[in-house]
Amino acid sequence: MQQLICRGAQGEIPGISPLLAPLLIARGADTYEKAQAFLHPSERDLNDPFLMPDMRAACDMVRAAIARRTPIAVYGDYDCDGVCASVIMLEALRSLGADARSYIPSRKDEGYGLNEAAVRRLAEHCGLLITVDCGVTAVQEIALAKSLGMQVILTDHHTLPAELPQADAALHPQLGDYPCRDLCGAGIAYKLACALTGKKILPSLELAGLATIADMVPLLGENRALAALGLRAMRQTARPGLRALMQTAGMQESADIGGMQAAFLLAPRINACGRMDTADIALNLLSTGNAARAAALAAEADALNTRRKAVEQRIVEEADAQVREMDLCRLRAIVVQGEGWESGVVGLVAGRLAERYGYPTVALSRDGEACVGSARSASGVDLYQALCDCGDIFTRFGGHKQAAGLSIRAEDADTLRERLSQAVEKQLNGRVPMPESRYDAEITLPEITLDMIEELKSLEPFGMGNPAPVYLLRNADVLSARAVGATGAHLKLTLSQNGAMMDGIAFQMGDRAGVLQGATELVITPEQNSFCGKVTPQCRVEALGRATARFLPRPDEEALALLQEFDRFCRIHKDCPQPAPAQMEAMTVAPQGTLLLCRTADTANALCARFPDLDAAQDGGVEPRAYSAVWLCRRLKRRGPYRRVILCDGALCPQEIACLAEMYPEAEILSAPQSPALRARLAQLQFDVNALRDCYRTLRAGQKINVLNPRECAMAYVLQSMELITLQPAPQLLPMRKASPTEDPLYRLILNGGN
């Protein structure tokens, strides 16, 4: 189930393209002047750094330390933002003649932020400590640094806690009235560097832009200027480390380097160093002036990123197996944990699960009695506030609305799952968490052209706060949908609408190949597709909405599936409770908890038309969220923790009810009367004793029967049940014996139509 939400706006801006105007209005640029400023970010959009409180005091402290030849320690974080901030700060300090050194803690051994042991070591040699991208929650560690004789300049952008550390100067965009309240850590470091050097543009601007994109801060206002100007500088960079990194990532040196390349090709390789080894690799890569060393470090970062992807995929699979055992119909947050999971990867795992399930997620790496982990938000939940509601069970935590890091005792992990669920439930206020797909406006297929896609590029760089434009296609006809990729994980579409045809690609939606056809709602991003030198427009499908036709009726296949179910059920000897009658005409379905179990495509499609917002599933895996769904069931199994299961085609037999009661012990089971479609499928299986004798004689004569024909296959199954033949690996005769079909439980089920 997916929520489709329009995030767009309507309106016109004189002098601005009708295509761009609504997009600009939605991003706050609702006048011609604002639109021009948005479309053409420049140096004028960079704010005066001295608008930030304590900036002058911080500069005075740095200059005094340089004058006294006092060594300065720059204490950073191990992600892309923290590494870029460290390099920016070091380059600015050294350009002024400072004796500056960097310290980035080990993610695995020390964890995020300042720690006592590191502070004590640094205090032995340094008199000034500058934190970058960390420190706002380090009350005790900064107090320790000051007690050891250090001055402290705090620069950070994470959520302000109730108690601030008593630093000598605190640079935070949300302290005071600084115009851009969402600078990243490197953005703040860049403002301090500009204030110290008296320049607006520094060689480290490209790093500030990269970090701004990578750290998922809103790309609006000054952040947009930093990102755009940084990307321009990156395209002509003389920095050996960036050039080597781009080459390793397969990026062409051209004007086409955009926000998506920075976010998905460069940032992950920088982050991989701190995740899988030490962030010093990335720090040295971005700092070095030696091309040969840069190439070697870039290759090392690339290898670490490759290993990171493999480790991440393994942990995601292990974590997902845990999620499939959860009751997300009751819980409102996911908490997974694993012994020895790479602490540098659990944040990515939490993000993957939060995106997949739409639930705020915590992933914990357990080491004996302690766990360290990361959390990611979903469904509009303020994650930091939710964690604050559970704050008493953490040994340490910090972060912001979308992401956080934490430490906890292993014994408290289950408590965290319950407490966090309660905190999230309070924010949701009865709303069901689920993945969201937001779009800017509606569009038709003929409107998607190469010129249109080119015009949309003027909104670059894309990222948080300025996402790539996404559109809703209503009633586009899906002519074909086939699974592609090595494992069939993706979906290749052919779309048609109003006389236009276009290809579409839907990543990680290959399981919809069997159920998607006809007029469908699709949320898409228009993009260029280059193949054999030809460039054409295509749709990258972000989400699938309502579809008018979902299941292809295949009567013979449905009848054969019923036969296999009868073959399983006929050997069950349990008390078979009577299901409650389902009032189908008056039935209402909540978004979560109800499974509409169908045995025929006719009934399933009728229910899809009646409840178009529900999921449509054909077999498939476990759904721990128990989103209400129309399920075309071939083989009965447990799909998730449903609270109500309705047999919409009616019950096959009492044994089916017994199986359901065992598979769904928490559910109320209801049944409609047998539908005409189900009775027709059951009739395809029926035969009399004389027909069964003829079938047996045919086999004895060495002739074959058509096992794809439901009636002939049913007779073969009964003969096997009577121990006269075996069907595996192929139909074979067994020794003759006297047997009566009327005493065979399978025959009786088939003869009586399941009753």
Side-chain angles (χ1 to χ4, degrees), residues 1-3 327-330 432 434 511-512 514-518 520-521 544-555 557-558 561-562 565 577-653 656-682 754:
M1 190 171 287
Q2 185 102 218
Q3 292 187 86
D327 182 355
L328 297 183
C329 196
R330 179 182 67 84
V432 175
M434 63 180 62
D511 60 336
R512 301 300 295 273
V515 298
L516 188 65
Q517 65 162 350
T520 306
E521 285 185 348
L544 296 170
R546 299 178 180 182
T548 56
R550 304 193 183 219
F551 302 105
L552 293 175
R554 295 187 172 93
E557 289 184 16
E558 291 172 8
L562 295 176
E565 291 288 73
Q578 286 292 321
Q583 304 299 322
M584 299 297 290
E585 296 77 11
M587 181 175 61
T588 59
V589 180
Q592 193 173 34
T594 297
L595 185 60
L596 301 177
L597 194 158
C598 305
R599 295 292 189 172
T600 69
D602 292 352
T603 299
N605 284 329
L607 288 168
C608 285
R610 182 176 170 186
F611 302 107
D613 292 326
L614 297 188
D615 280 344
Q618 183 167 323
D619 295 323
V622 175
E623 174 48 83
R625 298 164 296 186
Y627 288 155
S628 295
V630 177
W631 180 28
L632 181 55
C633 174
R634 301 295 196 217
R635 180 175 175 82
L636 199 63
K637 61 184 177 182
R638 180 175 170 84
R639 292 198 76 247
Y642 286 91
R643 300 300 192 255
R644 185 169 64 151
V645 178
I646 303 175
L647 296 168
C648 300
D649 271 305
L652 287 181
C653 57
E656 180 188 38
I657 307 303
C659 284
L660 280 171
E662 185 175 337
M663 292 176 179
Y664 299 90
E666 63 278 357
E668 177 190 17
I669 299 171
L670 302 95
S671 177
Q674 282 193 349
S675 68
L678 180 66
R679 290 198 297 270
R681 303 298 174 267
L682 293 173

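Because the structure is a prediction, the values reported are computed rather than measured.
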(message) How close do Pro591 and Met434 get, counting heavy atoms only, and between which atoms?
(response) CB-CE, 4.5 Å
(message) Strictly distance-based, threshold 3.5 Å: is any side-chain N or O of Arg679 a donor or acceptor partner for the main-chain N or O of Gln674?
(response) yes
(request) Report the distance from atom CG of Leu678 to atom CG of Leu652, rounding to the nearest 0.5 Å. (result) 5.5 Å
(request) Supply the atom-to-atom distance Met584 CE to Leu607 CG, rounded to the nearest 0.5 angstrom. (result) 5.0 Å
(request) Would you please name every residue forming a side-chain hydrogen bond (donor to acceptor under 3.5 Å, both in side chains) with Glu666, sequence neighbours left out? (result) Arg638
(request) Only counting residues at least two apart or in another chain, list the ones meeting salt bridge (Lys or Arg N to Asp or Glu O under 4.0 Å) with Arg644. (result) none
(request) First locate atom CG of Leu597, then atom OG1 of Thr603, and finally report the distance between them rounded to the nearest 0.5 Å. (result) 11.0 Å
(request) Give the intermediate values and the outcome of side-chain contact (heavy atoms from CB on, under 4.5 Å) for residues Glu668 and Arg643. (result) CA-CA 6 Å; Glu668 177 190 17; Arg643 300 300 192 255; over 6 Å; no
(message) Looking at every non-hydrogen atom in both residues, tell me the closest pair between Cys648 and Ala672 and how far apart they are.
(response) O-CB, 3.9 Å
(request) To the nearest 0.5 Å, tell me how far Leu595 CG sits from Leu670 CG. (result) 11.5 Å
(message) Looking at every heavy atom in both Tyr664 and Arg639, which two are closest together, and how far apart are they?
(response) OH-N, 2.8 Å
(request) Specify the closest pair of heavy atoms between Val432 and Tyr627, including all atoms of both residues, with the distance to one decimal. (result) CG1-CE2, 3.9 Å
(message) Between Asp602 and Arg681, is there a side-chain heavy-atom distance shorter than 4.5 Å?
(response) yes
(request) Examine distances only and state if a side-chain atom of Gln592 and a backbone atom of Arg625 form a donor-acceptor pair shorter than 3.5 Å. (result) yes
(request) Without swapping roles, check the side chain of Ser671 against the backbone of Pro579 for a donor-acceptor pair under 3.5 Å. (result) no
(message) Taking Leu544's backbone N and O only, do any of them form a donor-acceptor pair with Glu521's side chain (distance below 3.5 Å, no angle check)?
(response) no
(message) Distance check, rounded to the nearest 0.5 Å: Leu682 atom CG versus Ser675 atom OG?
(response) 8.5 Å
(message) Would the distance check show the side chain of Ser628 and the main-chain N or O of Leu614 forming a donor-acceptor pair, the cut-off being under 3.5 Å?
(response) no
(request) Supply the atom-to-atom distance Arg599 CZ to Leu647 CG, rounded to the nearest 0.5 angstrom. (result) 7.5 Å
(message) On a heavy-atom basis, which atom in Met587 and which in Arg610 lie closest, and how many Å separate them?
(response) O-NH2, 3.2 Å
(request) Determine the minimum heavy-atom distance between Ala601 and Phe551, stating which atoms define it. (result) CB-CB, 3.9 Å
